[in-house]
Colleague: 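Here it is: the structure, laid out below.
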Amino acid sequence: MIFMKERTLLKLYELMYRSRFMEETITRLWNDGHIYGEMHLGIGEEAIIAGVLSHLIPGDAIATDHRGTPPFVMRGVDLEALLLEILGHPKGLCLGMGGHMHLFSQELLLTSSGIVGSSGPSAVGFALAAKYRKTNNIAVAFFGEGSMNQGMLLESLNLAAAMSLPVLFVCKDNNWAITTQSSEVTGGVLLDRVRGFGIEAREIDGSDVTTVWQAVETAIPRMRKSTKSPYFIQANCTHNEGHFLGDPLLRFHRAPRKEFGAVTGPLMKSVLQYKGGRIDKRIRSVTKVLSLIAKSRMQLSDSKDPLLRFEKDNRDLEDQFTQIKSSIQSETNLLVERIMGIIQEEGVL
Amino acid sequence: MIFMKERTLLKLYELMYRSRFMEETITRLWNDGHIYGEMHLGIGEEAIIAGVLSHLIPGDAIATDHRGTPPFVMRGVDLEALLLEILGHPKGLCLGMGGHMHLFSQELLLTSSGIVGSSGPSAVGFALAAKYRKTNNIAVAFFGEGSMNQGMLLESLNLAAAMSLPVLFVCKDNNWAITTQSSEVTGGVLLDRVRGFGIEAREIDGSDVTTVWQAVETAIPRMRKSTKSPYFIQANCTHNEGHFLGDPLLRFHRAPRKEFGAVTGPLMKSVLQYKGGRIDKRIRSVTKVLSLIAKSRMQLSDSKDPLLRFEKDNRDLEDQFTQIKSSIQSETNLLVERIMGIIQEEGVL
Amino acid sequence: MRTMEFAEAIESALKQAMSENPDIFLLGEDLHTLRVNLLAQFGKERVQSTPISESAFLGAGVSAAMAGLRPIVEIMLVDFIGVAADALLNHAAKVHAFSGGKWSVPLVVRASCGGGYGDGGQHEQSLWGWLAHIPGINVVVPSNPADAGNLLLSAIEADHPVIYLEHKLLADYWLDYMGTGGRENVTFDIPEAGAKGEVPNKWQPLPIGEAKILREGSDLTMISLGVSVHRCIEAAAILTNEDISTEIIDLRWVSPLDTSCIINSVSKTHRVIVVDEDYLRFGLSGEIAAIVAEEINSKFQFGRVCTDFTIPFNRNLEDNILPNVNRILDVARAFTYE
Amino acid sequence: MRTMEFAEAIESALKQAMSENPDIFLLGEDLHTLRVNLLAQFGKERVQSTPISESAFLGAGVSAAMAGLRPIVEIMLVDFIGVAADALLNHAAKVHAFSGGKWSVPLVVRASCGGGYGDGGQHEQSLWGWLAHIPGINVVVPSNPADAGNLLLSAIEADHPVIYLEHKLLADYWLDYMGTGGRENVTFDIPEAGAKGEVPNKWQPLPIGEAKILREGSDLTMISLGVSVHRCIEAAAILTNEDISTEIIDLRWVSPLDTSCIINSVSKTHRVIVVDEDYLRFGLSGEIAAIVAEEINSKFQFGRVCTDFTIPFNRNLEDNILPNVNRILDVARAFTYE
Ligand SMILES: Cc1ncc(C[n+]2csc(CCOP(=O)(O)OP(=O)(O)O)c2C)c(N)n1
Ligand SMILES: Cc1ncc(C[n+]2csc(CCOP(=O)(O)OP(=O)(O)O)c2C)c(N)n1
Ligand SMILES: [Mg+2]
Ligand SMILES: [Mg+2]
């Protein structure tokens with residue numbers, strides 16, 4: 001096992017739990033109808049984000065994807081401003097203009113975007129700026145494995161390699177892209193692909209924060225040196241809320257009777273429709289869909305939960321963990337109270 | 001050495017020479033001011049094109065890049081229509097609407113495009129159609145090595161692999177993209193990159209038509225089978241007219257006095273300008289530019305010319321070659337005469 | 001006649017078309033779930049799921065159409081078309097012209113569009129005027145179930161590229177995915193007549209470029225499409241009480257525009273408000289002004305209610321940036337009526 | 001005052017700007033040759049050559065600008081912007097809005113544009129109206145050397161994204177590369193006053209969105225930009241002989257449009273012709289009609305001379321698709337003059 005200072009372990013736990021509790025809070029607010037539109041959480045990715053962010057220094061930039069909340073929380077954005085933003089409040093971080101997919105902090109060089117793959121070019125540009133200014137800063141791109149088929153991300157791998165830029169590409173691999181299993185639409189092996197661009201790459205267990213921490217600890221110092229270069233980390237994870245809150249696949253497992261009836265009616269009608277494909281093909285299609293729904297259940301499992309795992313691996317720190325948790329909880333709950341106050345008072349979302 | 005039937009060798013020679021002589025004719029017409037705009041030739045690529053096309057069957061599709069003329073000639077497009085099109089004449093293949101970068105033949109499933117990388121998606125779509133229709137046809141994409149950094153081409157590698165489509169990707173590698181040496185802006189090794197997408201890939205000498213012929217002979221049958229898959233060939237070549245007719249880099253070597261003066265004046269002025277970068281950087285920049293110009297000279301060499309090479313390798317066929325040449329020459333010359341007649345008569349280009 | 005919801009109508013028309021023509025197939029992300037019923041009926045060759053590679057698969061759709069098939073390529077949200085714009089701009093739109101009219105591209109690009117449900121500025125754009133700027137492409141935007149089905153057939157049967165946009169406030173599954181997520185405590189201003197309505201027993205293609213007069217009037221012409229036509233209907237009802245008689249044109253086709261329908265109406269009313277959820281400038285509303293100005297030989301009053309800014313996430317701000325009834329009324333009331 | 005050619009002016013202004021502000025750097029394909037003089041003066045950190053990866057390096061330009069630098073990202077020909085449109089549509093244009101106005105993107109996108117030299121429909125587009133449709137981006141198109149230099153400074157100094165388009169008929173090196181290729185036996189209709197002219201000794205940014213009246217007149221307003229303003233000047237001279245007094249506005253900025261300049265002029269003339277090399281529909285010409293119709297309380301005659309089709313390769317066809325003097329005269333003469 002990797003040797004890490006207790007202080008570091010506690011710091012990592014704190015980062016992860018703060019993000020987790022914030023997103024659980026967001027879930028509650030979303031369920032209560034206080035947040036409109038989609039809500040993509042980073043629950044399940046905390047080990048990856050914390051393991052990376054704990055190595056960053058001031059001036060490093062981070063480009064996130066549609067799951068921007070954890071990096072924003074862990075990088076130290078004012079939580080009240082962040083939560084207000086996610087609620088769409090005019091006093092939010094972005095005056096309510098952005099919402100959870102379009103969070104921005106100039107001060108901390110943090111961006112996000114709802115366009116798949118765009119964190120690649122974005123991180124490349126920040127790294128370019130760092131190199132141009134001859135600082136030792138780096139830029140991190142967070143994205144999912146599904147994004148690895150998006151042209152601009154592939155281009156940005158090459159661009160970072162060809163221009164020798166200090167970009168840490170972090171692929172959070174849950175093997176799902178909405179309801180597509182990425183392995184079914186991805187040719188070859190991602191790490192080979194990345195190495196084919198001349199970038200050093202490594203696959204790690206993204207549910208284990210100490211593994212992530214250690215991998216990044218090795219990677220980053222080289223990136224900061226005067227001979228810059230990009231680095232790529234592929235880290236597995238699971239989103240146990242599925243793609244977003246209210247994920248239609250997961251709804252099956254959570255409210256099977258209601259959902260199943262709504263879907264299988266039209267589905268069976270389609271299978272039995274007079275015109276169409278050969279019956280074996282139809283059956284194969286339905287089987288495929290059903291098996292997809294079945295597979296989506298895996299996401300619900302807690303076995304890959306980075307926080308549970310960390311707690312289990314560090315039983316000796318249990319007391320401290322409990323303390324961290326309760327202080328974060330009460331902090332966050334107070335925050336929510338204050339915010340709901342603001343919202344109620346001003347009467348607008 | 002590969003054993004090939006004499007008939008095949010002569011056929012290959014005929015294909016190559018017909019294209020060569022056509023493009024030499026085009027060069028003349030362009031030099032005489034009968035053709036407007038840019039003119040990208042495939043001179044130097046003939047071995048690659050002929051080696052691939054000689055294995056195609058009716059119904060196979062070809063997506064070309066900005067150097068579409070050789071595939072159009074070799075695939076058997078009506079040469080009068082083709083040449084009239086390149087001249088922009090309303091009686092041309094595309095009624096004068098396209099010109100050499102936008103040639104289209106629906107009958108022969110031949111397309112071209114001036115947008116770098118677009119032959120990738122285009123070939124994928126044709127292959128998709130072939131597979132959809134359960135034919136044994138394939139689709140070929142021709143593109144340069146510079147295009148290997150364009151997102152849509154990278155995406156199309158993955159798409160072909162993931163969907164198991166019979167696409168033959170042919171990368172014509174001259175290591176130049178206009179005035180950029182592609183190796184300087186390309187991370188890693190192209191073949192690795194391609195294999196990383198799960199595509200079988202091979203590098204060959206593109207100046208030797210028998211090598212190309214043999215490689216494609218091995219690749220294609222597997223692609224036509226019911227278990228479809230893409231294949232990638234990287235074949236080197238040289239364009240001894242540079243990027244296009246009137247290539248500014250090559251003009252240096254052809255009219256050094258005139259061009260050098262015109263360029264070095266402002267260049268030296270810039271180097272000596274009061275404000276700017278440190279003097280060593282400036283000198284390094286100029287050295288870089290001069291060395292680029294020097295390197296561009298390599299393209300002028302005949303040593304990689306596929307026709308000369310083929311003639312040398314097949315001295316025993318010299319007489320037949322001479323015969324083929326003279327009959328193509330007289331055919332083409334007659335064609336040009338006829339066409340110039342049409343143009344003069346109708347008074348319009 | 002039967003009654004259907006908007007998305008149901010699209011699916012029903014697709015089923016009819018796919019049953020009749022084996023050359024039609026679908027290509028796009030997540031189609032095994034988004035089009036699960038079609039998958040169940042037609043099998044996976046006809047409903048193909050792709051990686052997140054819009055520029056490759058839209059480009060592939062162009063050449064598959066050139067090969068004689070009738071691909072319907074889905075771009076989930078029209079906002080994402082930016083990553084694949086070249087396939088439209090330089091390929092789909094140009095092959096017919098480049099080939100001297102000899103080779104056509106019978107491609108349908110299907111995408112969801114529009115806002116009003118709190119998803120932010122990268123997911124709620126309309127962009128129909130932007131896309132229609134490119135010569136060689138048509139754009140169609142249905143506003144109700146009957147049109148949704150019939151116009152889809154028009155798009156499929158056209159021998160040139162047609163972009164078919166379905167508004168997320170009308171298509172229930174989109175709104176469920178992107179807006180409610182299965183919740184019952186969030187609501188949106190869904191125009192009922194757009195979300196559900198009578199549809200023909202057999203789907204029939206409508207003529208390309210034909211607008212529809214939803215309401216006749218003599219004082220004022222409102223020209224709109226998609227969800228906004230329903231805002232116009234609401235506004236027109238209010239204006240009736242103010243003695244303003246409103247004619248409403250549902251364009252249906254952004255391109256080609258039904259110039260004569262527009263001209264006829266404005267020749268009568270001399271007042272026109274374009275209500276267009278796409279961006280204000282350099283788009284549809286301007287084009288309509290130009291057409292009227294070119295063709296009408298007398299003074300007319302012109303106003304427009306469009307989206308003039310990046311769409312905010314905040315629901316209040318969003319509702320005010322997108323065309324709404326009050327903004328329409330403001331413009332209508334600012335006109336002079338003799 | 002000194003005299004310069006169009007491209008020389010741009011380079012000269014760039015030299016001035018880059019000397020004064022170390023945050024300015026260039027990013028794009030082949031810059032080591034296209035910008036060789038700047039490379040020689042400033043070194044390779046300031047003039048960076050890229051692979052053919054427009055979406056990545058334009059996207060990178062956006063964040064480099066967000067990091068406080070002043071990147072000038074070159075897209076060789078504006079026609080190629082389709083492969084990188086997302087970076088403009090959803091990023092460059094939106095960061096300022098999304099961040100609640102807190103984070104700006106001082107990015108310049110530089111590209112060549114325009115036709116008239118026989119390069120075909122994928123290399124001769126203008127697209128300025130297309131790009132200007134997106135809120136959050138400005139577009140500028142100079143028509144002469146003095147403006148070319150000064151407006152480049154305006155673009156660089158702006159704290160938001162500006163697309164700077166240089167017409168290939170004006171910029172000699174582009175025409176040499178793409179049109180003549182060193183030949184002396186092909187000629188093009190290059191407007192002399194656009195290709196060469198007096199320029200200030202020190203470049204000065206001009207106000208953003210300020211048009212320029214090139215010629216005063218009372219019967220007819222021609223509104224144009226880029227090469228087409230010179231076609232207008234030619235047409236106006238001919239119209240003088242027919243007793244038609246023409247006012248010519250060189251917009252310079254497509255976006256923001258100089259609304260008051262347009263309104264003032266048309267209020268006087270009541271006749272307006274937009275001469276716009278970009279595509280006819282859903283673009284600049286329509287926007288101008290809308291602005292006039294919104295603001296002017298009387299009848300006006302409106303006509304436009306634009307590009308209404310994929311640009312043909314054939315030079316004759318091309319010359320007739322692009323705005324030309326005869327087409328301008330036709331429209332002007334079809335107006336009624338009391
Ligand atoms: C260019 C583009 N195409 C499609 C989408 C729709 N979309 C949003 S998230 C997503 C899946 C992304 O998968 P992945 O990158 O693995 O991230 P994950 O959601 O699994 O974290 C898709 C297809 C989009 N936002 N942008
Ligand atoms: C998307 C796009 N970007 C840039 C260009 C300009 N351009 C035309 S050809 C070319 C170089 C292509 O290099 P390569 O693919 O190696 O082909 P080669 O010319 O060497 O045969 C470039 C950059 C273009 N046509 N399209
Ligand atoms: Mg994923
Ligand atoms: Mg090359």
Side-chain angles (χ1 to χ4, degrees), chain B residues 59 61-63 81 85 90-99 101-107 109-135 137 139 141 150-163 165 167 197, chain C residues 21-29 31 42-71 73 82-107 135-136 159:
Chain B
I62 305 173
E85 183 58 35
K91 287 188 179 151
L93 178 66
C94 305
L95 313 191
M97 291 295 298
M101 265 193 291
H102 317 109
L103 299 168
F104 289 88
S105 165
Q106 177 173 25
E107 201 182 311
L109 292 176
L110 282 168
T111 75
S112 56
S113 170
I115 303 299
V116 162
S118 62
S119 61
S122 186
V124 166
F126 283 118
L128 190 64
K131 185 174 175 178
Y132 187 83
R133 292 201 167 113
K134 301 196 178 10
T135 71
N137 282 118
Q150 180 61 238
M152 70 176 119
L153 184 58
L154 294 167
E155 286 187 1
S156 68
L157 292 173
N158 179 62
L159 199 58
M163 301 183 94
L165 298 176
V167 182
F197 285 99
Chain C
N21 185 350
D23 287 338
I24 301 170
F25 73 100
L26 317 182
L27 192 65
E29 291 154 35
L31 295 193
F42 297 100
K44 71 175 164 38
E45 283 86 2
R46 309 276 312 266
V47 180
Q48 304 200 27
S49 291
T50 64
I52 313 171
S53 308
E54 286 87 353
S55 60
F57 70 75
L58 183 52
V62 174
S63 50
M66 292 168 73
L69 299 177
R70 299 262 154 180
V73 177
V83 302
D86 178 70
L88 292 179
L89 174 67
N90 286 319
H91 297 92
K94 291 191 171 47
V95 166
H96 189 253
F98 279 153
S99 67
K102 294 181 183 174
W103 206 346
S104 57
V105 182
L107 170 74
D159 284 328

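Letters A, B, ... mirror the listed sequences (proteins, then strands); counts begin at 1.
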Colleague: Between B/Leu128 and C/Leu27, does the side-chain contact (heavy atoms from CB on, under 4.5 Å) criterion hold? Intermediate values first, please.
Modeller: CA-CA 11 Å; B/Leu128 190 64; C/Leu27 192 65; 3.9 Å; yes

Colleague: Is it the case that over 12 heavy atoms from other parts of the model lie below 6.0 angstrom from the NZ atom of C/Lys44?
Modeller: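 Check fails, neighbour count at 12 or below.
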
Colleague: If you look at every heavy atom in C/Ala56 and B/Pro121, which pair is closest and at what distance?
Modeller: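 Distance-wise, the nearest heavy atoms are O-CB, 3.6 Å.
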
Colleague: With a sphere of 6.0 Å drawn around CD of C/Glu45, does it hold more than 12 non-hydrogen atoms of other residues, nucleotides or ligands?
Modeller: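 Atom CD in C/Glu45 is crowded, with more than 12 foreign heavy atoms closer than 6.0 Å.
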
Colleague: B/Met163 and C/Gln48: which non-hydrogen atoms are nearest, and at how many Å?
Modeller: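 The pair with the smallest heavy-atom distance is CE-OE1, 3.0 Å.
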
Colleague: Out of curiosity, B/Ser118 OG to C/Asn90 CG, how far, rounded to the nearest 0.5 Å?
Modeller: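 Going from OG on B/Ser118 over to CG on C/Asn90, the span is 8.5 Å.
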
Colleague: Search all heavy atoms of B/Val124 against all heavy atoms of C/Ala60 and return the closest pair with its distance.
Modeller: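 In this case the closest contact between B/Val124 and C/Ala60 is CG1-CB, 3.8 Å.
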
Colleague: Which heavy-atom pair separates B/Glu155 from C/Ile52 by the least distance, and what is that distance?
Modeller: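 Closest approach of B/Glu155 to C/Ile52, heavy atoms only: OE2-O, 4.4 Å.
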
Colleague: Side-chain contact test, heavy atoms from C-beta onward, threshold under 4.5 Å: evaluate it for B/Ser122 versus C/His91 and give yes or no.
Modeller: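 No. Closest side-chain heavy atoms not under 4.5 Å.
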
Colleague: Relative to each other, are the rings of C/Trp103 and B/Phe104 parallel, tilted or perpendicular (30° and 60° limits)?
Modeller: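 Correct class here is perpendicular.
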
Colleague: Could you tell me which portion of C/Ser49 (side chain, backbone, both or neither) has an atom closer than 4.5 angstrom to a non-hydrogen atom of chain B?
Modeller: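 Backbone only.
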
Colleague: Out of B/Ala129, B/Gly125, B/Gly117, B/Ala127, which one racks up the most heavy-atom pairs below 4.5 Å with chain C?
Modeller: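 The option with the most such pairs is B/Gly125.
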
Colleague: Quick one: side-chain hydrogen bond (donor to acceptor under 3.5 Å, both in side chains) partners of C/Glu54, sequence neighbours excluded?
Modeller: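 If we apply the side-chain hydrogen bond (donor to acceptor under 3.5 Å, both in side chains) test to C/Glu54, skipping adjacent residues, the hits are A/Gln150.
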
Colleague: Closest heavy-atom contact between B/Gly92 and C/Lys102?
Modeller: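 So the two residues come closest at O-NZ, 4.1 Å.
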
Colleague: To the closest 0.5 Å, what do you measure between OG (C/Ser99) and CG (B/Leu103)?
Modeller: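 Answer rounded to 0.5 Å: 11.0 Å.
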
Colleague: Under a 4.5 Å heavy-atom cutoff, which of B/Leu93, B/Leu157, B/Leu165 has the most pairs with chain C?
Modeller: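 That would be B/Leu93.
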
Colleague: At a 4.5 Å cut-off on heavy atoms, which part of C/Pro22 comes close to chain B: side chain, backbone, both, or neither?
Modeller: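 The backbone, not the side chain.
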
Colleague: With heavy-atom distances below 4.5 Å as the criterion, would you say the side chains of C/Ser63 and B/Phe126 are in contact?
Modeller: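 The answer is yes, as the side chains (C-beta and beyond) meet within the 4.5 Å cut-off.
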
Colleague: State, yes or no, whether a side-chain contact exists between C/Pro51 and B/Leu159 at a heavy-atom distance under 4.5 Å.
Modeller: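 In contact.
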
